[in-house]
Undergrad: 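First the structure, which I've put down as structure tokens, then a few questions once you've had a look.
Counting starts at 1 for both ligands and their atoms, following the listed order.
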Amino acid sequence: MCGIIGILAKRPVVPLLMDALKRLEYRGYDSAGIATFEKGHLVRFRAEGKLVHLEEKLNNYSLDGKTGIGHTRWATHGAPIERNAHPHMSKQLAVVHNGIIENFAELRAELKKKGYVFNTDTDTEVVVHLVTDALVKGKTLIEAMQDSLPRLQGAFALALIFEGQEDLLIAARQGPPLVIGYGKGEMYIGSDAIALAPFTDRISYLEDGDWAVLTHKSATIYYSMGSKQVKREQTKSSRSAFLVSKGDHRYFMYKEILEQPEVVFHTLAHYLDFASGKVRLQKDSIDWSSVSCLVFACCGTAYYSTLVAKYWFENLAGLSVSNDVASEFRYRDPPLSVYQTLALFVSQSGETADTLACLRYCKRKGVQSGVVVNVSESTMAREANIVFPILAGPEIGVASTKAFTSQLAALASLALMAGKARGTISKKQERSFVMALAETPRYINQALKLEPSIEAVSRELIAAKSVLYLGRGTSYPIALEGALKLKELSYLHAEGYAAGELKHGPIALIDETMPVIVVAPYDRWFEKTVSNTQEVAARGGRIIFITDKKGAAAISVKTLATIVISEVPEIIAPIVYTICVQLIAYHTAVLLGTDVDQPRNLAKSVTVE
Ligand code: AGP
């Protein structure tokens, strides 16, 4: 998603803007730009592609401006070319925007009729001419913003600077997050606290509908896009502790794959007491004994974590569970019973627009709503009735790895918590599951040691036109996640399928050119999965079988490769087997030379619908 930075500094602002934009790179982008003042006048610099191209341009100038805005663009309207890169400008102002102005076509037509010439294909440009129009009519800056902001429909986080006004920056939030940072004689605005981490850890989050007037010394916040002032709490950002670096790893993603034993342990330890073998009773938590129905609505990898969780909550807690992709859920207008229903939203970023919209939909319906998030200061965390944290630490790689296994760890713990509260598991069972989960970090470490054989598998995939992933039971969502990882990292087409569904169509795809990756621990679904694998073998499919020692001994089909993991307790198999599909995707991407940390077209936090 786009990244925004705005700074009112006591020193040359361009290096600060670039530092912040580099910290926003993890969100994914395809062009970038900054605007500042040169001898009191607005100047702008933009470039396609990565920040290095913008830096090359800036190296030809010595810019002394102390106020500026910057932007990394993830294209929604208009190709990712320099002409469409932000900031967008008129003689009077420069603006950067994250989100989508949904009524931009109507505004564009209205402004064109007034004689404004549009130079870009973006929705954002309507903001430039709308505010300019108010200013040329003699409105003050504040009046111009108060006239213009309510005209915008959709999602927008904005930062604007104005010709001849070096001690002024205006910001507005409707949807995508915006954070104000308080420095010493300096003020900042950014898309998240990570961007502001080098400058300050004193921050305030703007709420939906807020807009703010910043000077070097102050921030005046108005709410509901109006003229009534509001105070937003200043907090200390925990993100400032994370001046995250790759260390000596080539990619953030690889570093984050290796961090999984540690972060999964931290997440499990938050919910489970390994010493007593008990689930920790969370203060002011959900009363699981009064819940009979669980509703999940999430996106992408987070959605797959809830597909695994479905098995756990059904089997361990006897709950009826519904799973939706968030972008479908609220438009179905599902009949939700407020009574005994818990809506649970899993989101690494806590900012995904589709998921956030579902959280707000369920809250409006009066349904108790909880979130499982990695960012404790995120919008979802601030709006939910209850927050279940995952402790994965900042995940910089756009493709989610440690957050996914941490989500699974948290959801498995919550399923145990629910089972305990509902009396569907005994104390003995509780202890057995807790001790099994306690072993997860060790088993993840063992799976990580399989990397050389996994890298060899990746060499078999790089020439494939398409790859099929199969699994049953809790391995089916891992097949889905494995396919997603391969797609988003290597740009190869891949598809995850329930192994039992193969014969209902996809089997037509199988021939000697088709790699088929089968996720199959020796569990209750193993025999059936082997039958499906035999159907693949009979048609010449190139089978890569991921199993354990018992499974390897039991299969009779010829495979291209068999990856053998230690035997693990069934409840933790989805977490441990994920390591293999992550490494397959990672090494395939490295071999193909794609941008592992920021795959093309992807965004770390999709804050538009
Ligand atoms: C992660 O690998 C994917 N790139 C993406 O599907 C992601 O899981 C999805 O956008 C949801 O993000 P969230 O967890 O921040 O809500």
Undergrad: Nearest 0.5 Å, what's the OH-CD1 distance between Y586 and I579?
TA: 14.5 Å
Undergrad: Pick from E395, E259, E256: which one makes a side chain to side chain donor-acceptor pair (under 3.5 Å) with K402?
TA: E259
Undergrad: Could you grab the distance from atom NZ of K363 to atom CZ of F345, nearest 0.5 Å is fine?
TA: 10.5 Å
Undergrad: When you measure from the side chain of S320 to the backbone of C293, do you find a donor-acceptor pair of N or O atoms at a distance under 3.5 Å?
TA: no
Undergrad: Would you tell me whether H587 and S458 have side-chain atoms, one donor and one acceptor, within less than 3.5 Å of each other?
TA: no
Undergrad: Apply the side chain to side chain donor-acceptor pair (under 3.5 Å) test between D210 and each candidate in Q174, R232, R173; give the one that qualifies.
TA: R232
Undergrad: Return the protein residues near ligand 1 (heavy atom under 4.0 Å from any of its atoms), ordered by chain and residue number.
TA: C299, G300, T301, A302, S347, Q348, S349, T352, V398, A399, S400, K485, E488
